[in-house]
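Scroll down for the structure; my scribbles are underneath it.
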Amino acid sequence: QGQLVESGGGLVRPGGSLRLSCAASERIASGNVMGWYRQAPGKQRELIASITRRGLTNYQDSVKGRFAISRDNAKDTVYLQMNSLKPEDTAVYYCNGLPPLLDWGQGTQVTVSS
């Protein structure tokens, strides 16, 4: 099925920014709608942003206007630019297709705290 590898997470203060990357081991990202998901402690994994192969995007209301998803089909990579981060954005972030039919990667931890 291929492999997804997320990176770019870390500890950031409220109001800060991070850019996440998701690299696919095969040419799978370019042929699919891709999404970023997150799972906060004690909560279910949720879809927060998606992007079609041609670049049409959609966002969960909680991140709209703060996060931006993008993709580079030639590099099989999907990005998530996160600005104006809030403590409630703390979670493990994953990428996958939409629907999420690929094997999940290990995710990347994002912690927003002062």
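These numbers come from a predicted model, not from an experiment.
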Exercise. When you look at CD of Glu88, are more than 12 heavy atoms from neighbouring residues, nucleotides or ligands closer to it than 6.0 Å?
Worked result: yes

Can you sort out the partners of [X] under side chain to side chain donor-acceptor pair (under 3.5 Å), two or more places apart, ordered by chain and number?
| X | answer |
| --- | --- |
| Arg19 | none |
| Glu46 | Arg38, Gln60 |
| Lys86 | none |
| Thr111 | Gln109 |

Problem set entry | Side-chain heavy-atom pair Pro14, Pro87 within 4.5 angstrom cut-off | yes

For a quick test of reading the model, state the closest non-hydrogen atom pair linking [X] to [Y] and the distance between them.
| X | Y | result |
| --- | --- | --- |
| Thr77 | Ser21 | CG2-CB, 4.5 Å |
| Ile51 | Ile69 | CG2-CD1, 3.6 Å |
| Leu20 | Gly9 | CD2-N, 3.6 Å |
| Cys22 | Leu4 | SG-CD2, 4.0 Å |

Exercise. Tyr59: what forms a ring pair (Phe, Tyr, Trp, His ring centres under 6.0 Å) with it, not counting sequence neighbours?
Worked result: none

Problem set entry | Pairing residues for Tyr79 by the ring pair (Phe, Tyr, Trp, His ring centres under 6.0 Å) criterion, not counting sequence neighbours | none

Taking atom [atom1] of [X] and atom [atom2] of [Y], what is their separation to the nearest 0.5 Å?
| X | Y | atom1 | atom2 | value |
| --- | --- | --- | --- | --- |
| Ser114 | Leu11 | OG | CG | 9.5 Å |
| Ser50 | Trp36 | OG | CH2 | 13.5 Å |
| Lys64 | Ile48 | NZ | CD1 | 13.0 Å |
| Leu102 | Asn96 | CG | CG | 4.5 Å |

Problem set entry | Listed once per pair and sorted, the ring pair (Phe, Tyr, Trp, His ring centres under 6.0 Å) pairs that draw on residues 86-114, sequence neighbours left out | Tyr37-Trp104, Tyr94-Trp104

Problem set entry | Side-chain donor or acceptor of Asp72 paired with backbone N/O of Val78 under 3.5 Å | no

Exercise. Between Thr90 (side chain) and Val112 (backbone), is there a donor-acceptor pair under 3.5 Å?
Worked result: yes

Exercise. Which pairs, with at least one residue in residues 4-18 and sequence neighbours excluded, count as a side-chain hydrogen bond (donor to acceptor under 3.5 Å, both in side chains)?
Worked result: Ser17-Asn83

For this session: Would you mind listing every disulfide bond (SG atoms under 2.5 Å apart) that reaches into residues 56-85, with sequence neighbours excluded?
Result: none

Problem set entry | Qualifying residues under side chain to side chain contact (heavy atoms under 4.5 Å, CB included), relative to Thr52, sequence neighbours excluded | Val33, Arg54, Leu56

For this session: Go through the structure and list residues passing side chain to side chain contact (heavy atoms under 4.5 Å, CB included) with Leu18, not counting sequence neighbours.
Result: Val12, Met82, Leu85, Val110

Exercise. Restricting to pairs with a member in residues 105-114, which pass salt bridge (charged side-chain N to carboxylate O under 4.0 Å, His left out), not counting sequence neighbours?
Worked result: none

